[in-house]
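Quick caveat, the model's predicted, so the values are computed rather than measured. Residue numbering restarts at 1 for every chain, and letters A, B, ... go by the order of the sequence lines.
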Number of protein chains: 2
Amino acid sequence: MSPTREDYLKIIYELGGRVTRVPNKEIAMKLNISPPTVTEMMHTLVSIGWIEYVPYRGSMLTEVGVEEAKKLIHKHRLWEVFLVEHLGYSLEDVHDEAEVLEHATSDTLANKLYHFLGKPDYCPHGGAISFNKIEEQDNEAIPLPEVGKGVRAQILRHVNEEKLLVYFKNHNLSLLDIIIVKEFDKSLDLLHIYNETNGEDVYISEKTSHYIFVKQVD
Amino acid sequence: MSPTREDYLKIIYELGGRVTRVPNKEIAMKLNISPPTVTEMMHTLVSIGWIEYVPYRGSMLTEVGVEEAKKLIHKHRLWEVFLVEHLGYSLEDVHDEAEVLEHATSDTLANKLYHFLGKPDYCPHGGAISFNKIEEQDNEAIPLPEVGKGVRAQILRHVNEEKLLVYFKNHNLSLLDIIIVKEFDKSLDLLHIYNETNGEDVYISEKTSHYIFVKQVD
DNA sequence: CTATATATTTAGATATAATTAAAATAAATC
DNA sequence: GATTTATTTTAATTATATCTAAATATATAG
């Protein structure tokens, strides 16, 4: 399977395709390509059997699609562990390398690597590695904007992309921080968040905050 | 650069493109593709600057081409070491995995991997790993058929391909064995070889023996 | 509940990569 | 010099991934 197709698959998974129908527009935006290209590719993914697609509505992953996506995520995160723990890579650099390696990794290799690394539970960005844990984490994690006002929540993970890493760092938001959503100014697209862990108030783009995943805590 | 192009580059290197002009036919045969495809690709490789090509004569690597080829070989062998020593792969299985991984390996990654592995000298098939040693080994190694009759020679390495591995194993020819070429029956395409190391007489295809590299010993 | 805005799809192309078969041509050999 | 062998040219084919512009469907706002 081509890396390109696998990239579409992963993005649909990350945008919630396991439980929601993902509109083409979101995919087009995330990949910076034109909408027709997405439509075209959706037909391809249907023919592979990875997604179930309803025109004008969007796509949802099939069981096979979910499995494939999880495999890719598993491989990606395994490489991140290897790169950081054994090769001394910094957190910022691992993503791009893993992005390429994951597509060149056979299932056998992934399995041997998993054991070599000592069956790690999490990647350096907090993402679960075992298939069960990936499922579990994705079940309890919800996108930040879906947390109600005033509810305490813990940052579990975020979509793994260089720009986002920098953005979150600049706003002093880190993995496992406890935060409370205070208010949302729709016209400014700003989400007011109180970071209980470091005592700071931060304002982040609501749009961007879709890529932070949290779980409610009490 | 695409994996396909890189594969052509490596094959030209393996067929001696560093010092000889490699005819298209040999490339076509090794890759099991039609001659026009090779001609076409040679033009592409010229435009990349990897080879210098004379129509009807064949291609020779440029300085850049040699460097690129050595990088790929370096990466390939590094992965083989990693797969065998750390992941417990068997000798027979590493080649195919390494073949895919090498194309997904950045120079940075190769460098870090090299140090992680403790700057190994040789891959599990006897191929040199450091750039200097690759050069050196390729200078002293000659294809078996070029050794004169009755001359003692040592098997240094062979072109790394599943079928060949099995073929050589079946003939009890192993890395570092000392052999003497006795005779060559052209009509049968058989090379009569005495394996001094295990005391056996073997007959192998002359054509195939081009892929065993040896150095003269006295 | 229509008009407008937005999202999606179709249609028609383009680019590039990798490949082929058949015919033409060059080089090597006998 | 004639024949065999190797190589190239020509003319296509297949597959992947992408686009723009126009048409169409869906959602939203009076």
Side-chain angles (χ1 to χ4, degrees), chain A residues 1-12 15-17 20-60 65 68 72 99-100 102-104 186-187 189 206-207 210, chain B residues 1-12 15-17 20-60 65 68 72 99-100 102-104 186-187 189 206-207 210:
Chain A
M1 278 308 133
S2 89
T4 312
R5 288 170 187 187
E6 295 184 341
D7 286 339
Y8 277 89
L9 182 71
K10 264 182 38 176
I11 274 158
I12 295 171
L15 293 173
T20 334
R21 209 169 273 293
V22 178
N24 286 5
K25 201 201 167 192
E26 288 196 32
I27 302 170
M29 272 173 19
K30 270 227 83 183
L31 288 173
N32 239 302
I33 52 176
S34 74
T37 310
V38 179
T39 309
E40 188 70 29
M41 182 57 80
M42 293 308 106
H43 293 316
T44 307
L45 298 192
V46 165
S47 77
I48 301 172
W50 284 352
I51 66 168
E52 181 252 311
Y53 183 60
V54 181
Y56 295 101
R57 281 288 137 74
S59 38
M60 220 167 135
E68 282 304 316
L72 284 167
E99 197 65 25
V100 179
E102 68 184 28
H103 302 294
K186 200 172 176 183
S187 69
D189 187 48
E206 196 267 352
K207 223 158 205 164
H210 275 94
Chain B
M1 279 307 133
S2 90
T4 312
R5 288 169 187 188
E6 294 183 342
D7 287 339
Y8 277 88
L9 182 70
K10 264 181 41 177
I11 274 157
I12 296 170
L15 293 174
T20 334
R21 208 168 273 294
V22 178
N24 286 4
K25 201 201 168 192
E26 288 197 31
I27 301 170
M29 272 172 22
K30 271 227 82 182
L31 287 173
N32 240 302
I33 52 177
S34 73
T37 310
V38 179
T39 309
E40 189 70 27
M41 183 58 80
M42 292 309 106
H43 293 315
T44 307
L45 298 192
V46 165
S47 78
I48 301 172
W50 284 353
I51 65 169
E52 180 253 311
Y53 181 60
V54 180
Y56 295 102
R57 281 288 139 73
S59 38
M60 223 167 134
E68 282 304 316
L72 284 167
E99 197 63 24
V100 179
E102 67 184 30
H103 302 294
K186 199 170 177 183
S187 69
D189 187 49
E206 196 267 351
K207 224 158 203 165
H210 274 93

Show me the side-chain donor-acceptor pairs of residues 21-28 of chain B shorter than 3.5 Å, one per line, residues at least two apart or across chains.
residue : atom : partner : partner atom : Å
B:Arg21 : NH1  : B:Gly58 : O            : 3.3
B:Arg21 : NH2  : B:Glu52 : OE1          : 3.4
B:Arg21 : NH2  : B:Glu52 : OE2          : 3.4
B:Asn24 : ND2  : B:Tyr53 : OH           : 3.0

Q: Let me know the distance between CZ of B:Arg21 and C1' of D:dA6, rounded to the nearest Å.
A: 16 Å
Q: Round to the nearest Å and state the distance from A:Ile33 atom CD1 to D:dT16 atom P.
A: 16 Å
Q: For the residue pair A:Lys10 and A:Glu102, establish whether any side-chain heavy-atom pair is separated by less than 4.5 Å.
A: yes
(Q) Measuring from atom CG of A:Leu15 to atom CE of A:Met29, what distance do you get when rounded to the nearest 0.5 angstrom? (A) 9.0 Å
**Q.** Atom-to-atom span, CG of B:Leu31 to P of C:dT19 - whole angstrom
**A.** 8 Å
Q: Look at the side-chain N and O atoms of A:Ser34 and state whether any lies under 4.0 Å from the OP1 or OP2 oxygen of D:dT18.
A: no
At a cut-off of 3.5 Å, list every protein nitrogen or oxygen paired with a nitrogen or oxygen from nucleotides 6-10 of chain C, distance to 0.1 Å.
residue : atom : partner : partner atom : Å
C:dA7   : OP1  : A:Lys25 : NZ           : 2.8
C:dT8   : OP2  : A:Lys25 : N            : 3.0
C:dT8   : O3'  : A:Tyr56 : N            : 3.2
C:dT9   : OP1  : A:Tyr53 : OH           : 2.1
C:dT9   : OP1  : A:Tyr56 : N            : 2.9
C:dT9   : OP2  : A:Asn24 : ND2          : 2.4
C:dT9   : OP2  : A:Thr39 : OG1          : 2.9
C:dT9   : OP2  : A:Tyr53 : OH           : 2.7

(Q) I'd like to check B:Thr39 versus B:His43 (side-chain heavy atoms, cut-off strictly below 4.5 Å). Are they in contact? (A) yes
**Q.** Residue pair B:Arg5 / B:Trp50: nearest heavy atoms and the distance that separates them
**A.** O-CZ3, 3.9 Å
Q | Gap between atoms CD and C1', on B:Glu6 and C:dA18 respectively (whole Å) | A | 15 Å
Q | Minimum heavy-atom distance B:His103-B:Pro3, with the two atoms named | A | CE1-O, 3.7 Å
Between the protein and nucleotides 13-17 of chain C, list every N/O to N/O distance that falls short of 3.5 Å.
residue : atom : partner : partner atom : Å
C:dA17  : OP2  : B:Arg5  : NH2          : 2.7
C:dA17  : O5'  : B:Arg5  : NH2          : 3.3

Q.
I want to check something: taking the side chain as every heavy atom from C-beta on, are A:Val38 and A:Met41 in contact at a cut-off of under 4.5 Å?
A. no
Q.
Using side chain to side chain contact (heavy atoms under 4.5 Å, CB included), reason through B:Ile12 and B:Met42 one step at a time and then give a plain yes or no.
A. CA-CA 10 Å; B:Ile12 296 170; B:Met42 292 309 106; 4.0 Å; yes
